[in-house]
Amino acid sequence: MGNSGLKQHLETAKKTGVLKISEGKLSEFPSDFKQLEPLLRTLDLSNNKFTSLPNDIGSYKLLKHLNVSQNKLVSLPEMLGNLSKLESLSACSNKLTCVPQSLSQLVHLKQVYLSHNLITEFPTVFCGLKHLDVLDLSRNKITHVPNRVSELNVTELNLNQNQISSISDMISRCPRLKTLRLEENCLQLSAIHSSILADSKVSILALDGNLFDKKNLADTEGFDKYMD
């Protein structure tokens, strides 16, 4: 992107609080971004060439929406935890193996999209966030869903296309979970606890592409209650 194009984006952002530079071949923050710190509410840097984000990202205190999908990020900075107003975070299609612990401070988060990364452990950092509605962790390398999942407040949890072979029965205690997507994992029928079917609030349970015939789910304890 040439200087004139960047300048035009910056001028627009000063008026709207929205900066979108996708497909811009950027690999680092231009110094001119600094002037937007007290103004920016939406930052879209998707489809660029970032391998990391600067710690300065934590200075954009008004930021509500951050999209860094389709880059080459191997990590996210701890300073993201300073974005106290952040409501949505998209970091799909990168090379992330984990997420920073500081994200637990983002009490206004509503939507998190981390599909198509290299995350190996379920990120319990999102457990306890009261306003989080959607957590998309599809197309990662997660193998297990731990007990702390019970503290997750989402209405939709997408774990499609991971390597999950076990799920804590504590997932049935998620207070708001209605949609649970577990397609194309490594689950045996025995991994689907009866409590998920009988005691949870889950009304959409997607299980296609696992290591059992979905028809056999009908014989599982709690299935009748789930259907009701």
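Here the structure is a predicted model, which means the values were calculated and not measured.
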Do [X] and [Y] come close enough that some side-chain heavy atom pair is under 4.5 Å?
X	Y	value
Ser88	Leu109	no
Glu184	Asp208	no
Leu80	Ile57	yes
Leu157	Leu152	yes
Val112	Asp136	no
Leu205	Leu207	yes
Thr120	Leu118	no
Phe122	Leu159	yes

- Task: Assess whether side-chain contact (heavy atoms from CB on, under 4.5 Å) is satisfied between Asp56 and Lys34, documenting all intermediate values.
- Result: CA-CA 8 Å; Asp56 288 358; Lys34 194 82 175 167; 4.0 Å; yes

When you measure from the side chain of [X] to the backbone of [Y], do you find a donor-acceptor pair of N or O atoms at a distance under 3.5 Å?
X	Y	answer
Asn162	Leu137	yes
Asn94	Leu76	no
Asn71	Leu73	no
Asp44	Lys20	no
Lys201	Pro175	yes
Asp213	Lys215	yes
Asn160	Glu183	yes
Asn48	Lys25	yes

Flag if over 12 foreign heavy atoms under 6.0 Å of [atom1], [X]:
X	atom1	result
Lys49	NZ	no
Glu221	CD	no
Glu78	CD	yes
Glu37	CD	yes
Arg173	CZ	no

Is there a path of hydrophobic side-chain contacts, each under 4.5 Å between heavy atoms of I, L, V, M, F, W or Y residues, that connects [X] with [Y]?
X	Y	answer
Val134	Leu177	no
Leu66	Leu10	yes
Val125	Val107	no
Val202	Ile204	no
Leu19	Leu86	yes

How close do [X] and [Y] get, counting heavy atoms only, and between which atoms?
X	Y	result
Ile164	Asn185	N-OD1, 3.0 Å
Cys92	Leu114	SG-N, 4.1 Å
Ala218	Phe223	CA-CD2, 3.5 Å
Leu182	Ile167	CD1-CD1, 3.5 Å
Pro77	Pro100	O-CG, 3.7 Å
Leu40	Ala13	CD1-CB, 4.2 Å

Just verifying a value: how many Å separate [X] [atom1] and [Y] [atom2], rounded to the nearest 0.5 Å?
X	Y	atom1	atom2	value
Asp169	Ile192	CG	CD1	12.0 Å
Ser69	Tyr113	OG	OH	10.5 Å
Ser200	Lys225	OG	NZ	9.5 Å
Ser104	Leu106	OG	CG	7.5 Å
Lys72	Gln70	NZ	CD	12.5 Å
Leu45	Phe50	CG	CZ	5.0 Å

- Positive for side chain to side chain contact (heavy atoms under 4.5 Å, CB included) with Met170, one of Ser168, Ser172, Cys174: Ser168

- Given the rule in the side-chain contact (heavy atoms from CB on, under 4.5 Å) test, do Thr220 and Leu189 qualify, once you have shown the distances and angles that lead to the verdict? CA-CA 8 Å; Thr220 303; Leu189 184 60; 3.7 Å; yes

- Using a strict cut-off of less than 4.0 Å between a Lys/Arg side-chain nitrogen and an Asp/Glu carboxylate oxygen, indicate whether Lys7 and Asp32 qualify as a salt bridge. no

- Check the pair Arg41 / Thr16 against side-chain contact (heavy atoms from CB on, under 4.5 Å), numbers first and verdict last. CA-CA 9 Å; Arg41 294 189 305 278; Thr16 63; 5.7 Å; no

- Dump the intermediate steps for side-chain contact (heavy atoms from CB on, under 4.5 Å) on Leu129 and Asn153, then the final yes or no. CA-CA 7 Å; Leu129 293 178; Asn153 287 289; 5.7 Å; no

- Parallel, tilted or perpendicular: rings of His108 and His131 (30°, 60°): parallel

- Task: Verify whether one side chain among Ser138 and Gln161 offers a donor that lies under 3.5 Å from an acceptor in the other.
- Result: no

